[in-house]
Trainee: 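The structure that follows is given in the form of C-alpha cells.
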Amino acid sequence: SSVAPSLKGAVLPGTNLTGSGKRGDGDCFGTGTFIASLIAARPDDRPDVPFHGVAPEARIFPVRVSDDPPKIQDHAWLAKAIAVGIKDATDAGAKVIAVGLVATVSVPELRAAVAYAHEHDVLIVASASPAKDGQLAFPARLPGVVAVSPIGEDGTSNGTLGTQPSLAGPATNVIGVGPEGEGHRVSSAPQLAVGFVAGAAALVRDYHPELSAPDVLQQLRISADHPSTALPNQTLGYGVVNPYAAVTTVPDNDQPVTPPAEQLTVPLPERPDPAPAQRALWWAGGVTAAALLVAGPTIALAARRRREK
C-alpha cells in the first residue's frame, strides 16, 4: 500500500488484476504491504523506531492479484494471474520479483512468463510453501526461480514444502507494517520469508550491478548461513539468507583460465664412456694379483713350516 507511512515514496502505481481498478498500490488484505515493508520500508526518523526494510532504497511495483488470497480455489487461474504479474513487473523494469502467492499447478502461461523474466535478467523469488502438505508450489518449482523455505525462531523449517528450497528466511513473529496507519505489526506466515530473500537480492543488485540474475542467486547461496549438512539441505536449501554477507562477500567474477601447455624437453643421458670402468677393473684385478703375489710366499712359507714340524 502506497499510503503506509513506512513505504512513502517507495510504491509505484503498479497494476491491478482484480478488476476493481487499474492501480495496484492499494491493499485490502495486508500481506502484500507487509512483505513490501520487509523489502523496502524506509528508515523512521524517530530514534525509538529502529525499523526499516532489508533494501530501504528499493522501489516496489505492486501487482494486486486478489483481495482475499485464502479464498482462491481455482489455482489454474491463479497461476495465469501470477504469470501476468511477472510479465507486467518485468516490462516495468523490475530486477527482482517477489511472489508471495503459491499456485499448486503450473500452466504454459506461467512457464512462459518465467522464461520471459529470465530472458530480461530478472530474478524471481517465490514461496516454496503451499497451504497443504503434498501440494506442489509454483512458480517456486520452476527452473531458475529462487524457492524460499520459511523458518521459525529456532532456525528450522516450519512450513509445508512443495519443492526443493534454494534458501530460507524468517517467517515467525516477524515485524512489519500494515496497509495504513502508524505503528508496526507482528505476523507469522510462510510467505513472509520471501520478503527477506527478495530484499537481500535487491540489495545485492544495487551494490553489485555487474552481476546477472544467476550470479545474484549464487551470491545469496554462498553467503547464506549454511546448515551443517550436505548442500542443498532438504528443508533449508543452501541455508538462511544473510543480507550483510551477501553484500560484503566479494563476488568471484574471474573467468576460469586454462594454463598454457608446457613444452618440456628431457635430454637423453649421454652414453657412458666404458674406458674408465675398464681401467677400474684392470686396476682392481692388478691389486688382487699383487695381493696374491704378496700373499703367495707367505702362504708357501707357512705351509713349509707346517711340513717341517
Side-chain angles (χ1 to χ4, degrees), residues 1-18 20-44 49 51-67 69 81-102 113 117 120-127 139 145-146 148 169-171 174-185 187 189 191-207 209 213 216 220 241 243 246-247:
S1 173
S2 60
V3 299
S6 295
L7 291 171
K8 185 178 180 180
V11 182
L12 301 173
T15 186
N16 191 339
L17 305 181
T18 66
S20 59
K22 293 184 178 180
R23 294 173 65 101
D25 57 353
D27 186 3
C28 297
F29 191 71
T31 301
T33 300
F34 200 101
I35 294 176
S37 73
L38 299 177
I39 298 172
R42 277 29 181 171
D44 200 297
V49 186
F51 174 81
H52 60 77
V54 176
E57 296 184 3
R59 293 188 300 168
I60 302 295
F61 180 87
V63 178
R64 189 172 177 180
V65 175
S66 171
D67 292 332
I82 293 173
V84 173
I86 290 174
K87 189 174 185 304
D88 286 352
T90 300
D91 290 340
K95 303 307 291 182
V96 177
I97 297 178
V99 184
L101 293 171
V102 177
H120 289 76
D121 195 35
V122 177
L123 187 67
I124 301 175
V125 182
S127 175
V145 176
V146 185
V148 181
V174 177
I175 299 175
V177 304
E180 58 185 36
E182 297 286 344
H184 300 81
R185 300 180 179 183
S187 182
Q191 61 267 36
L192 301 184
V194 171
F196 289 97
V197 177
L203 207 59
V204 171
R205 301 218 80 163
D206 183 48
Y207 274 79
V216 171
L220 294 176
V241 67
V247 171

Trainee: Excluding sequence neighbours, so at least two apart, what forms salt bridge (charged side-chain N to carboxylate O under 4.0 Å, His left out) with R185?
Mentor: none
Trainee: Apply ring-ring contact (aromatic ring centres under 6.0 Å, His included) to H120 and list each qualifying residue two or more places apart in sequence or on a separate chain.
Mentor: Y116
Trainee: What residues, two or more places apart in sequence or in another chain, satisfy salt bridge (charged side-chain N to carboxylate O under 4.0 Å, His left out) together with R205?
Mentor: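 Testing R205 for salt bridge (charged side-chain N to carboxylate O under 4.0 Å, His left out), a comparison that skips the adjacent residues, returns D121.
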Trainee: Partners of K87 by salt bridge (charged side-chain N to carboxylate O under 4.0 Å, His left out), sequence neighbours excluded?
Mentor: D91
Trainee: Hey, could you give me the CG/CD1 distance between L7 and I60, rounded to the nearest 0.5 Å?
Mentor: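 It is 7.0 Å, given to the nearest 0.5 Å.
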Trainee: Testing the basics here: between V194 and A98, what is the closest heavy-atom pair and its distance to 0.1 Å?
Mentor: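 Nearest pair, atom of V194 first, then A98: CG1-CB, 3.7 Å.
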Trainee: According to salt bridge (charged side-chain N to carboxylate O under 4.0 Å, His left out), who are the partners of D44, at least two apart in sequence or on a separate chain?
Mentor: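 By the salt bridge (charged side-chain N to carboxylate O under 4.0 Å, His left out) rule, D44 matches R46.
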Trainee: Find out whether S66 and F29 are in side-chain contact, i.e. whether some heavy atom of one side chain is under 4.5 Å from a heavy atom of the other.
Mentor: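 Answer no - side chains too far apart.
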Trainee: Contact between P139 and V99 at the side-chain level, heavy atoms closer than 4.5 Å - yes or no?
Mentor: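 Heavy-atom side-chain distance check passes, below 4.5 Å.
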Trainee: Could you tell me the separation between the NZ atom of K95 and the OG1 atom of T90, rounded to the nearest 0.5 Å?
Mentor: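 Answer for the NZ-OG1 pair, K95 versus T90, is 8.5 Å.
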Trainee: Taking the side chain as every heavy atom from C-beta outward, state whether V102 and Q191 have any pair of such atoms under 4.5 Å apart.
Mentor: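 The answer is no; the side chains never approach within 4.5 Å.
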Trainee: Does some side-chain heavy atom of F61 sit less than 4.5 Å from a side-chain heavy atom of I97?
Mentor: no
Trainee: Is I35 close to L192 at the side-chain level, that is, under 4.5 Å between some pair of heavy atoms?
Mentor: yes
Trainee: Specify the closest pair of heavy atoms between G85 and V63, including all atoms of both residues, with the distance to one decimal.
Mentor: CA-CG1, 3.7 Å
Trainee: In a table with atom names and distances, give each donor-acceptor pair under 3.5 Å that connects a side chain of residues 174-184 to protein atoms at least two apart or in another chain.
Mentor:
none

Trainee: Would you check if the side chain of R59 reaches a backbone N or O of E57 as a donor-acceptor pair within less than 3.5 Å?
Mentor: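 No; judged by distance alone, with no hydrogens or angles, the pair does not exist.
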Trainee: Heavy atoms only: give me the nearest A117-I124 pair and the separation to one decimal.
Mentor: CB-CD1, 3.7 Å
Trainee: Give a yes or no answer on whether the side chain of D27 reaches the backbone of T33 with a donor-acceptor pair at less than 3.5 Å.
Mentor: yes
Trainee: What are the two closest non-hydrogen atoms of P13 and P62, and how far apart are they?
Mentor: O-CG, 4.0 Å
Trainee: Might you point out which heavy atoms bring A81 and V65 nearest each other, and give the distance in Å?
Mentor: CB-CG1, 3.8 Å
Trainee: So, for V148 and G169, which heavy atoms are closest and what is the spacing to 0.1 Å?
Mentor: CG1-N, 4.1 Å
